[in-house]
Amino acid sequence: MKAQENMPTTKVERSAKFVKTGFQIGGNYIKHYSKKIFNPNLSRDELNEDNASDIYSSLSELKGSALKVAQMLSMDKNILPRAYVDKFTQSQYNAPPLSGPLIVRTFTKSFGKTPDKIYDKFNIKSTHAASIGQVHEAELNGKKLAVKIQYPGVGDSISSDLKLIKPFAFRLLGMSEKELNIYIKEVEERLLEETDYEREVRSSIEFAEACKNLSNVVFPNYYPALSSNRIITMDWIEGLHLKEFLATNPSQALKNKIGQALWDFYNFQQHELRKVHADPHPGNFLITEDEKLGAIDFGCVKEMPDDFYEPFFSLTSTDLFENKEETIKAFRQLEMILPNDTPAQIEFYYKAYKEMISLFAKPYVTPTFDFSQNDFFESLYSYGEKIAKMPEFKQARGVKHFIYINRTNFGLYNILHELKATVNTHTFKPRLKRG
């Protein structure tokens, strides 16, 4: 893939790029409706493919929060047309890398030295380029290292980028204005944290230490002295990303082993630490030669306060649903039922959310769960599509914590589905004040 020689960093340059993309999309609609005059039955497939290609091309050049939102949307497979999911999925693994001079400039700003003065060896060509940064191979004192370098201007452009993304997101997601504002605000808070690489190094060391006793999960060592607010140096972990791993046709026993490691990794964090690696896209994991799961990115971490954790996991993991009054109380705590709802609305949302959470919680209620079941995922997606069309759900409902916790758990479910894994789901269970 050709290296990107420059990157729009100012608000004016990035705004101009969005405006140009908007014109391209407008042209795609004109082309589509012109063809539809002669073929009334023409589907939107070509329109979606053209729009997805133009939007992804623009976001890839802008990188940062713009591309990160595309990455997030690619994981929400039930809310976007297939063409967008297929195109945006590229951001999970590979985006156009930045050229050598831009990389050298970042090192000079951070350390006052070029990378060849810091490491014994440094490969100026990146091995992996994603939404916020790209990774380079290096070597120091005989140890192979991975060096993650943040794209220029990413941290400074988050707020302005998200304002520019709103019209695209509004059309793609079909959210109400209030709901979209809550979504964008929560994404902004997490992205501001994710672009603070010094914070990420601290989080990574903390999580690696906390999770060190988990079976079949490994972490790189991190080097704060060789890291800065825009650069992270860590051990290089040899391994395959999920698609590469599945292409080797591994045994189902091995896929179950990796699936169990993923399940334990996430549920240990949720229930023992009350905070979680909230970016479960496959690009953040490697499967090593010795059949272990390597977790290589802790930029996005979501903490769960008690007033969210207790009611939410009481709904998924206890007999709370047998008590309607207590269930409604939990829904009120989570702002799924609102103070001004009428009795009829309370009854409607009680039934709708009970059905929704019962579906989501199926893996939690049996000792083992087979994630290869297509009917489980079809039920989840079809229910999501159904409520998305209901006028009752146009109003924003649910506390902001749902955005990343839902993303985390559905992301986990989707990876386990790709593995067709059967896992023991009772290894790390919710720790609740309620029984």
Side-chain angles (χ1 to χ4, degrees), residues 68 71-72 75-76 92 131-132 183 185-197 199-220 222 242 258-286 293-317 334 357 360-361 363-364 369 371 398-417 419 421 423-432:
K68 191 71 181 180
Q71 185 188 88
M72 290 172 65
M75 294 162 61
D76 293 328
Q92 296 179 9
S131 53
I132 287 177
Y183 182 90
K185 181 65 178 170
E186 176 72 355
V187 169
E188 182 178 355
E189 287 177 14
R190 299 286 78 74
L191 286 174
L192 285 168
E193 292 174 354
E194 204 167 341
T195 54
D196 181 351
Y197 276 6
R199 183 184 185 280
E200 181 175 341
V201 169
R202 292 192 300 271
S203 290
S204 301
I205 293 170
E206 179 188 337
F207 270 85
E209 177 62 26
C211 300
K212 67 182 179 183
N213 293 324
L214 290 176
S215 297
N216 302 314
V217 185
V218 294
F219 308 91
Y222 291 82
L242 183 66
I258 297 302
Q260 189 68 57
L262 268 165
W263 179 269
D264 292 350
F265 174 65
Y266 274 101
N267 283 281
F268 173 81
Q269 293 171 69
Q270 288 192 122
H271 306 311
E272 302 295 326
L273 306 181
R274 297 285 182 93
K275 53 186 172 183
V276 67
H277 172 286
D279 201 2
H281 75 74
N284 282 341
F285 298 100
L286 294 167
L293 178 77
I296 55 174
D297 188 306
F298 283 92
C300 185
V301 172
K302 174 65 184 173
E303 296 194 21
M304 289 183 281
D306 283 353
D307 59 2
F308 172 80
Y309 181 90
E310 286 288 333
F312 179 65
F313 284 103
S314 291
L315 291 165
T316 67
S317 308
L334 295 166
I357 291 173
F360 164 80
Y364 284 90
F369 193 81
F371 282 92
V399 293
K400 67 177 184 177
H401 306 296
F402 275 117
I403 294 167
Y404 275 85
I405 297 306
N406 283 351
R407 177 193 178 205
T408 297
N409 284 287
F410 282 116
L412 171 63
Y413 284 11
N414 279 317
I415 299 176
L416 293 172
H417 185 47
L419 289 165
V423 301
N424 174 3
T425 56
H426 283 188
T427 48
F428 295 101
K429 298 182 75 174
R431 289 179 173 269
L432 300 163

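Bear in mind that the values here come from a model prediction, so they are computed numbers and not experimental data.
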Does the plane of the ring in H277 sit parallel, tilted or perpendicular to the ring in Y266? Use 30° and 60° as the thresholds.
perpendicular
Enter the distance from S317:OG to F312:CZ here, rounded to the nearest 0.5 Å.
8.5 Å
When the side chains of residues 295-308 are checked against the rest of the protein, which donor-acceptor pairs come out under 3.5 Å, sequence neighbours left out?
unit_1 : atom_1 : unit_2 : atom_2 : d
D297   : OD1    : G299   : N      : 2.8
D297   : OD2    : K148   : NZ     : 3.0
K302   : NZ     : E186   : OE2    : 2.9
K302   : NZ     : H401   : ND1    : 2.9
D306   : OD1    : R274   : NH1    : 2.7

What residues, two or more places apart in sequence or in another chain, satisfy side chain to side chain contact (heavy atoms under 4.5 Å, CB included) together with P311?
A330, Q333, L334
With rounding to the nearest 0.5 angstrom, report the CZ to CH2 distance, F268 to W263.
15.5 Å
Can you name the residues that form a side chain to side chain contact (heavy atoms under 4.5 Å, CB included) with R202, not counting sequence neighbours?
E198, R199
Let me check something: any side-chain donor-acceptor pairs from residues 207-216 under 3.5 Å, sequence neighbours excluded? List them with distances.
unit_1 : atom_1 : unit_2 : atom_2 : d
E209   : OE2    : K212   : NZ     : 2.7

Could you work out, with side-chain hydrogen bond (donor to acceptor under 3.5 Å, both in side chains) as the rule, every residue matching N409, not counting sequence neighbours?
Q270
Taking side-chain hydrogen bond (donor to acceptor under 3.5 Å, both in side chains) as the test, write out the residues that go with Y309, two or more places apart.
H271
Once side chain to side chain contact (heavy atoms under 4.5 Å, CB included) is applied, do any residues pair with E206, and if so which ones, sequence neighbours excluded?
K275
My understanding is that only residues two or more places apart in sequence, or in another chain, count here; which of them pass side-chain hydrogen bond (donor to acceptor under 3.5 Å, both in side chains) with Y222?
none
Taking only residues two or more places apart in sequence or in another chain, which ones pass side-chain hydrogen bond (donor to acceptor under 3.5 Å, both in side chains) with T427?
D264
So, using ring-ring contact (aromatic ring centres under 6.0 Å, His included) as the criterion, who are the partners of F369 when residues are at least two apart?
F371, F376
